[in-house]
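Only this structure's heavy atoms are used, side chains among them; waters, hydrogens and symmetry mates stay out. Here is the naming used below: chain letters follow the sequence lines, and residue numbers restart at 1 for every chain.
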Amino acid sequence: MDVLAGLNPAQRKAVETIEGPLLIIAGPGSGKTRVITHRIAYLVRVCGVSPHRIMAVTFTNKAAREMTERLEALLGQTVKALTLGTFHAICARILRQEGKAIGLDPGFVIYDEEDQLGLIKQSLNELDLDPKQYNPKAIQSAIEFAKSHILTPKAYGEQARSYFEEIVQRVYERYQQLLAQSQGVDFDDLLMKTVQLFQDYPDVLVRYQSRYLHILVDEFQDTNTTQYLLIKQLAGKHGNVCVVGDPDQSIYSWRFADLRNILSFEKDYPNAQIALLEQNYRSTQTILEVASNIISANVQRKPKRLWTENEVGIPVAIVETFNEEEEARFVVSEIEKLVKEKLVSPGGCAVMYRVNAQSRALEEAFMRYGIRYKLVGGTRFYQRREVKDMIAYLRLVHNPGDNVSLARVINVPGRGIGQRTLAELSSWSKSHDVPLYAALKQVAEKKGPPLTPRASFALTSFLNLIEGLSGRSREMKLVDLLDEVLKESGYREYISSEEDGEERWENILELRAAAEEYNELSPAEALVNFLEKISLVSDIDEIDSLADAPTLITLHQAKGLEFPVVFIVGMEEGLLPHRRSFDDPAQMEEERRLCYVGITRAQKLVYLLRAYRRALFGSSMAGLPSRFLESIPPHLATSKSKWEDETREHEYTPVTAILSRQSPTPPASIDLKAGDRVRHTRFGEGVVTDCLPTRDDHQVTVQFTEAGIKRLLASLAHLEKIESASNMQS
DNA sequence: CGAAAGGCTCTTTTT
DNA sequence: GAGCCTTTCG
């Protein structure tokens, strides 16, 4: 097997350069995943590197899974020895192994953002701070900022510049104490604590440094400072670090991803080599040109020239509707039309938007037309209340010290344990410096806080419930334990009495099915592995990703995907770009990148829609067209207003008509015809074989001496006529 | 203790 | 328009 076969020169360089630091700048659709997998295969197959000594970091579990599959297909063997996963999963593994050194219990729980917010509110409460004055979400974000920069509460306090930041420091401090009490960590802790571990224990670091001969990081433009330092630590010995990314697709600065990581990689690694992947295999020339025009307006950017050998394609459609309902109707009926004409399958269409709230109008329209659709995102599976409740029970059984889970389910289903009782219990446990669970035990022995007999009884029966489950958990299959929890806690009856009980019950069954995969492991192992998996996975793997239906997705989530046809809705000032970015040029550039990411997902067709009025957050408001639309050269687009003036509809040529048009509108004159000799900056010299007028341009077919036959758009290709056909004849 | 009612906020969300 | 929180009342 030749792992270099079929790669273009730039890709080849990216695969073959294995010594020292390498920066791969990979434009959209440039075969990035292919390069990464081939590179690993090259290391293993050609260079004889043991998979055990390679680390590959991805940002999502999905990406990790896909990479594993492609790699196994390429190598024809499993790659278990390879360290391949997300930053968080890799760090969690290291910390379970080595965390004892920094006082971390190997059985630590990983709390998600909701748990995190709960702990922040609790901290505020304990510090007598008003959550109305100090928004818990803002504090959550500030703590995330701190942890993304390896700032401990103390260090954060030292750099605090405002009163709010001082408040944050106090909350952060308390919050960490609460986490420690429950032997819990949050997502950011996984990264920060690993870096700290390596900082404080050089011998541990050396072990890992020595092991990893080669390190690969995907989506490098979205790494934060902590992740950057982690990679720097790990690569500290061998220095073979390969990072892959595209600054133009950096859209997570609000999670403190730092574009400087990729922009200044060469500074930090002076001997770094660079591979530029600029050939696009995904989109038409027109789409690529539109995208390039949009992104070029950014100032904070290294210029990059994307090109493609794909066909010229069709102008993007800019459509204006009266409101979001009409916008949605247009999308749905257009999809229906395209599908009917067999131009695309339903699953080849995607509708993208800035905020999740926009999906509602679309969903309604799809439903009204009776067309199935796939909604990506929304409330994720493991975030659902009932699923989290069940997980909390399991966590509690596994680790009774888990105060967060205990607080979550102590009165779910209702057992008459109200706020009053809980406050009593928690203040008692705080003053005696023991976990809530220990306080419960004291209550049962009548040594706890003074409570009414009623409350006392309720607490004791909850304790007995958990004790009983814990006792039996050691010899039960995970699924049986789950069933036991459902039965003994009364959750089953509770759920069926709920509003949408049926749906919630089905989610529980789904969780149960996920638990069944752990049947072969010992009860203890099964529980631990199950809990680990679900805390690091955001969703059950796209359940009906196989269904042939259009996808509804946010622009953020669309990164890394591709579709033949892409609709971007809500191209309005305030939405895309989002109003929150108005006063910050850096954020405005990120909005632009977001738009760029959306457009570059498309292979064949792009529709950009905007509504004159839009109902969002209750009220309906008129909005101006997005400034990003102004970056699109008019000759690359067709526009249509569906409402302002019905006569204007005639200006718009439906895509279907363009696709099937035989005799086009009379084009503007052009100075090229068949037989002309021309020169192109990239392809060199050639002869025009055909010149076909399009809507307001010309598609020129050229037989190049070196590069073969290419179809080019006259306005873009900058063809220089070097010899006229008539001259040759005369 | 818990249900009902009114007030406030509101982006994106790989882990 | 919905979800979350606080307040109020039975």
Using atom names, set out every protein N or O paired with an N or O of nucleotides 1-10 of chain C below 3.5 Å, distance rounded to 0.1 Å.
unit_1	atom_1	unit_2	atom_2	d
dC5(C)	OP1	Lys121(A)	NZ	2.3

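When each of dT13(B), dT15(B), dT11(B) is scored by its nearest atom to the side-chain atoms of Asn61(A), the top-ranked nucleotide is dT15(B). The side chain of Arg420(A) lies closest to dC1(B) when the candidates are dT13(B), dC1(B), dT11(B). Considering only the side chain of Val355(A), dT11(B) comes nearest among dT14(B), dT13(B), dT11(B).
Among residues two or more places apart in sequence or in another chain, the side chain to side chain contact (heavy atoms under 4.5 Å, CB included) test is passed with Gln557(A) by Val376(A), Ile553(A), Thr554(A). Listed by chain and residue number, Leu117(A), Pro136(A) satisfy the side chain to side chain contact (heavy atoms under 4.5 Å, CB included) test with Lys121(A) (two or more places apart in sequence, or in another chain). Applying the salt bridge (Lys or Arg N to Asp or Glu O under 4.0 Å) test to Glu503(A) and every residue at least two apart in sequence or in another chain returns nothing.
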Watson-Crick or G-U pairs under 3.5 Å in DNA chain B, rendered as dot-bracket with [ ] for crossing pairs and | for another strand: ||||||||||.....
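Taking the ring centre of Phe462(A) as origin, the terminal cationic atom of Arg415(A) falls outside the region bounded by 6.0 Å and 45° from the ring axis.
Residue pairs satisfying the salt bridge (Lys or Arg N to Asp or Glu O under 4.0 Å) criterion with at least one member in residues 129-138 of chain A, sequence neighbours excluded, are absent.
Within the 4.0 angstrom heavy-atom criterion, only backbone atoms of the sugar-phosphate kind lie near Asn356(A); the bases stay farther away. Note on Phe87(A): nothing from the nucleic acid sits closer than 4.0 angstrom, heavy atoms only. Residue contacts shown for Asp189(A) are absent, as no nucleic acid heavy atom lies under 4.0 Å away. In this structure, Glu113(A) reaches the bases: a heavy-atom distance under 4.0 Å links it to at least one base atom across the strands shown. Among the atoms of the strands shown, none is found under 4.0 Å from any heavy atom of Ser581(A).
A perpendicular orientation is assigned to the rings of Phe187(A) and His88(A), their planes being inclined by more than 60° (bins at 30° and 60°).
Across all non-hydrogen atoms, the minimal contact from Met571(A) to Cys595(A) is CE-SG, 4.0 Å.
Phosphate contact (OP1/OP2 of dT11(B), side-chain N/O of Thr554(A), threshold under 4.0 Å): absent.
Between the C1' atom of dC8(B) and the CG atom of Asp130(A) lies a distance of 13 Å, rounded to the nearest Å.
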